[in-house]
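The structure presented is a predicted model; accordingly, all values stated were derived computationally and were not measured.
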Amino acid sequence: MEGQTMMTKLEGFAQQLVPANGIKIHTVTGGAGSPIVLLHGFPQTWWEWRHVMPLLSDRFRVVAMDLRGAGFSDCPQDGYDKVTLAEDVHEAMTALGHDRYAVCGHDIGGMVAVALAAKHRNAVTHLAVLDVPVPGWSEWEATAAKLWHFGFHMNRDLPERLIYSREHDYVSAFIAERIYDHNCYDPSDIAIFAKALAFPGRTRGSMEWYRAFATDHAAALEWKKHPLEMPVLALGGDQRFGSRMVPMLEEFAMDVTGGAIERCGHYVADEQPGEVAAALVRFLSPKGATD
């Protein structure tokens, strides 16, 4: 692990493995202030937030994590439904000394963030969800049917077989399909995500996030009966889910703001990190305290 962590070292942030929910979760922590945890999507790791974290660390205690099944976190045989992933995050935050915290999730991490807010309402102070269709949404099934990779990843064993030894090809093509401005991505970052996906068990772990969708959708339909009361920020790229994020999250929560980020595709933290960080600062800071 030591040789690989040097590839993704971020100045001012410390990395450690934290016991949580029976496994170990890889966390990257820095900054000072009220805590916020950042949750990545597919096919990424905590490194997704590399541009956003330094922009938040002067105001907040920033914690980025690798989800179960990704990066340097454990990848056990089961536990990839979003409630279990959310419990991983909550127990890791508790182990780090944070009983109350904000959460921001993108893509799969956004699904986990919603589950976390729903299951730990007294712990989550603010919820931010970035560019992802959420299980339980009224348009979930129709939207999921249109996304080719949902069906592909849900197949048992086949994706692992086809992606094996072609991780760089798959990651680079996958991300390229969902980016608006291709100048925003450094090829070295593609290589970091591809190498992480090639770690033993990580492709399977990532696919299991998708194979749990039926369970996730059923659970989320129950959460919707009790709307979230904490403030919610719903953002997305104007070329992807941006225009749909606020009405989607309004099905789950009572206080939702946000909208679309211009000139942006799916990977909002990579493409428009300044906009994402500024939106989070405004969202999390007391009124009049963002100057």
Practice prompt. Measure the OG-CZ distance between Ser285 and Arg59 for me, rounded to the nearest 0.5 Å.
Written response: 5.0 Å
Worksheet item: Do you know which of Arg61, His120, His90 makes side chain to side chain donor-acceptor pair (under 3.5 Å) with Tyr101?
Response: His90
Practice prompt. Would you mind reporting whether Ser206 and Leu197 have side-chain heavy atoms less than 4.5 Å apart?
Written response: yes
Fill in: For the student: nearest non-hydrogen atoms of Thr125 and Ala102, plus distance
OG1-N, 3.6 Å
Item to complete: List the atom of Ile108, the atom of Val132, and the distance in Å for their closest heavy-atom pair.
Response: N-CG2, 4.5 Å
Practice prompt. Hey, can you tell me if Tyr185 and Tyr267 have their rings parallel, tilted or perpendicular (30° and 60° cut-offs)?
Written response: perpendicular
Fill in: Crowding at NZ, Lys224 (>12 non-hydrogen neighbours, <6.0 Å)
yes
Worksheet item: Can you find a heavy atom in the side chain of Cys104 that is under 4.5 Å from one in the side chain of Leu130?
Response: yes
Worksheet item: With ring centroids as reference points, do Phe42 and Phe174 lie under 6.0 angstrom apart?
Response: yes
Worksheet item: Is the shortest distance from a Lys or Arg side-chain nitrogen in Asp270 or Arg50 to a carboxylate oxygen in the other one below 4.0 Å?
Response: yes
Worksheet item: Under 3.5 Å, side chain of Arg202 to main-chain N/O of Gly71, donor-acceptor pair present?
Response: yes
Worksheet item: So do Asp157 and Arg161 actually touch side chain to side chain, heavy atoms under 4.5 Å?
Response: no
Discussion item. Please check if the number of heavy atoms outside Phe150 that lie under 6.0 Å from its CZ is greater than 12.
Written reply: yes
Worksheet entry | Student check: side-chain heavy atoms of Asp238 and Tyr180 closer than 4.5 Å | no
Item to complete: Flag the pair Pro35 / Phe60 as yes when at least one side-chain heavy-atom distance between them is below 4.5 Å, and no otherwise.
Response: no
Worksheet item: So do the side chains of Val63 and Leu38 get within less than 4.5 Å of each other, counting heavy atoms only?
Response: no
Worksheet item: Can you find a pair of side-chain heavy atoms, one from His40 and one from Asp66, that are under 4.5 Å apart?
Response: yes
Worksheet item: Is the CZ atom of Arg166 crowded by more than 12 outside heavy atoms at less than 6.0 Å?
Response: no
Worksheet item: Hey, what do you get for CZ (Arg244) to CG (Asp131), rounding to the nearest 0.5 Å?
Response: 11.0 Å
Fill in: Note: Arg68-Asp88 ion pair, threshold 4.0 Å (strictly below)
yes
Worksheet item: Atom SG in Cys75, atom CG in Leu67: separation rounded to 0.5 Å?
Response: 12.5 Å
Worksheet item: Does a side chain donor of either Glu177 or Trp148 reach within less than 3.5 Å of an acceptor in the other side chain?
Response: yes
Worksheet item: Is any side-chain heavy atom of Arg263 closer than 4.5 Å to a side-chain heavy atom of Gln272?
Response: yes
Discussion item. Assess whether a salt bridge exists between Glu167 and Lys195, defined as any Lys/Arg side-chain N lying under 4.0 Å from an Asp/Glu carboxylate O.
Written reply: no
Practice prompt. Indicate yes or no for a side-chain donor-acceptor contact from Asp74 to the backbone of Pro76 under 3.5 Å, with no hydrogens or angles considered.
Written response: no
Worksheet item: Between Gly265 and Glu271, what is the shortest heavy-atom contact and its length?
Response: N-OE1, 2.9 Å
Discussion item. More than 12 heavy atoms of other residues, nucleotides or ligands under 6.0 Å from CD of Glu262: yes or no?
Written reply: no
Discussion item. Whether the Asp107 and His266 side chains hold a donor-acceptor pair (N or O, under 3.5 Å, no angle test) is what I'd like checked.
Written reply: yes
Worksheet item: Taking the side chain from Thr27 and the backbone from Gln16, do they hold a donor-acceptor pair closer than 3.5 Å?
Response: yes
Fill in: Salt bridge flag under 4.0 Å for residues Arg282 and Glu275
no
